[in-house]
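Right, one structure below, let's go through it.
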Amino acid sequence: MTGLSISDLAVLRGGVPVLEGISFTLEPGQAVILRGPNGIGKTTLLRTIAGLQPPLAGTVSGAEDRIAYAAHADGIKPTLSVTENLTFWASVFGGQDIAPAIAAFRLEALAQRPAGALSAGQKRRLGLARMLVTGRPIWLFDEPTVSLDREAVGWFADAVRTHLAGGGMALLATHIDLGLDGQVLDLAPFKAVLDHLDDFDEAFL
Amino acid sequence: MIALLLRDIRLAMRAGGGFGLGLAFFLIVCTLVPFAIGPQPDLLARVAPGVLWLGALLACLLSLDRMLALDWEDGSLDLLATAPLPLEAVVLIKALAHWLTTGLPLVLAAPVLGVLLNLPVEGYGWLVLSLAVGTPALSIIGGFGAALTVGLKRGGLLLSLLVLPLYVPTLIFGAELARRGAEAQPTTTPLLMLAGITAGCLALLPLASAAALRVNLR
């Protein structure tokens with residue numbers, strides 16, 4: 001299995017370049033943790049790698065049909081039960097068993113509950129459990145630990161560790177120390193510089 | 001693909017899914033028109049095919065903005081875009097689910113409501129046929145409109161304005177087919193035109209809708 005390689009990537013948000021010159025590789029079994037202040041472009045970078053938006057420059061290779069993306073929104077239907085939500089995503093991604101995902105995030109007791117009746121943290125656990133049923137090797141997480149309690153953060157870290165041990169890869173945008181041994185990539189030095197602007201244009205930015 | 005179809009149908013049937021919305025609207029329109037027009041059986045029989053078609057079209061329009069907007073709001077659309085399904089298939093399946101939950105009930109209810117409008121006996125078969133052939137086009141065109149306006153807050157108004165002109169050919173030939181059927185005139189030309197519109201929409205619009213979605217997801 002090959003890794004994910006990003007070379008000289010520049011990304012746009014709302015038509016404005018936010019990050020440029022990003023290069024890194026992700027080999028099987030590795031995790032990369034993205035750090036950086038709010039608005040630096042972590043979500044934009046993840047969306048670009050996931051193929052949801054085109055890069056301004058540079059290439060993403062090894063991502064095609066191998067990525068599972070956990071965004072800020074969990075993609076949960078409130079009127080479907082926990083099991084129905086997971087079964088749906090499992091069958092969209094090719095019919096994996098949902099039992100390990102339910103066990104990894106301790107959702108057994110909630111399995112028949114409509115997802116609309118879950119708390120924010122429980123919904124997030126369901127959203128993260130979805131990553132396990134995709135069967136994809138590269139996991140992208142955008143602030144995965146929001147609204148999780150300390151114990152659930154531990155379960156999440158365990159799930160990622162198991163995934164990495166099985167040859168998977170993970171790219172996380174998070175500010176919490178999950179105890180994962182991965183390289184930390186600080187995005188601040190890659191902030192795009194808005195050159196070729198004179199003072200007149202700058203007045204309107 | 002089947003999983004997405006089943007999920008959408010299940011969501012529509014659950015509480016708050018809006019399954020009966022189009023049907024109830026259709027029922028209301030067809031019940032109120034005789035009161036508005038007055039007790040003139042001849043006039044009612046003359047306008048019946050047009051009114052039934054217009055009612056069905058507006059009923060379809062009513063639930064279009066939910067087709068993709070709900071999935072966009074809760075993030076499912078982003079996740080579907082990264083799934084192994086091509087977006088063209090996603091849009092097509094969404095339109096099919098919309099047709100099964102909105103269009104098909106209208107087709108089945110139309111003969112019953114035809115009675116209220118004094119539709120001539122010869123017209124019932126043609127009415128059902130015209131709706132069965134024409135309403136899939138309404139759902140697919142609606143899917144295109146929904147893809148164009150996904151992500152806009154309160155995009156429903158813009159969606160209606162975009163979609164209504166595209167609905168005109170379907171309405172013209174659909175109502176014409178039902179009218180000619182009711183008046184026992186030759187029906188081949190409008191039937192072929194209507195079927196051609198539906199087939200053309202089915203072939204081309206999923207591609208356009210997927211392209212619009214890709215732009216809107218950025």
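Numbered from 1 within each chain, the chains take letters A, B, ... in sequence-line order. Scope of the values below: all heavy atoms of this structure, side chains included, with no hydrogens, waters or symmetry mates. Keep in mind the model is a prediction, meaning the values are calculated, not measured.
Under 4.0 Å is where a charged nitrogen must lie from a carboxylate oxygen, and between Arg7(B) and Asp71(B) at least one such pair does. A salt bridge does not link Lys42(A) with Asp142(A): every distance from a Lys NZ or Arg NE/NH1/NH2 to an Asp or Glu carboxylate oxygen is 4.0 Å or more.
Heavy atoms closer than 4.5 Å to chain B are found in the side chain of Arg130(A), but not in its backbone. At a 4.5 Å heavy-atom cutoff, the contact between Leu52(A) and chain B is made by backbone and side-chain atoms alike. Both the backbone and the side chain of Leu80(B) come within less than 4.5 Å of a heavy atom in chain A. Interface remark: Leu70(B) contributes backbone and side-chain atoms alike to the contact with chain A (heavy atom separation under 4.5 Å).
Counting heavy-atom pairs closer than 4.5 Å to chain B, the top-ranked of the candidates Lys77(A), Glu84(A), Arg47(A), Gln53(A) is Lys77(A). Contact tally against chain A (heavy-atom pairs below 4.5 Å) for Ser76(B), Ala81(B), Gly75(B): the top residue is Ser76(B). Contact count versus chain A (heavy atoms, under 4.5 Å) is highest, among Asp78(B), Val215(B), Leu77(B), for Asp78(B). For the set Leu6(B), Thr82(B), Asp74(B), the entry with the most heavy-atom pairs within less than 4.5 Å of chain A is Asp74(B). Annotation: maximal heavy-atom pairing with chain B below 4.5 Å, among Ile76(A), Asp65(A), Ile67(A), Leu80(A), occurs at Leu80(A).
No donor-acceptor distance shorter than 3.5 angstrom exists from the side chain of Thr102(B) to the backbone of Trp99(B), with no hydrogens or angles considered.
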Starting from the C-alpha separation in whole Å, work towards a yes-or-no answer on salt bridge (Lys or Arg N to Asp or Glu O under 4.0 Å) for Asp74(A) and Arg124(A). CA-CA 7 Å; Asp74(A) 288 314; Arg124(A) 183 32 64 108; 3.1 Å; yes
Could you go through Leu178(A) and Val160(A), starting from their C-alpha distance and side-chain angles, then the distance that decides it, and tell me whether this counts as side chain to side chain contact (heavy atoms under 4.5 Å, CB included)? CA-CA 10 Å; Leu178(A) 292 165; Val160(A) 174; 6.0 Å; no
Show your reasoning for whether side-chain hydrogen bond (donor to acceptor under 3.5 Å, both in side chains) applies to Trp53(B) and Ser130(B). CA-CA 9 Å; Trp53(B) 250 94; Ser130(B) 69; 3.0 Å; yes
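Between Tyr69(A) and Phe141(A), the distance from one ring center to the other does not fall under 6.0 angstrom.
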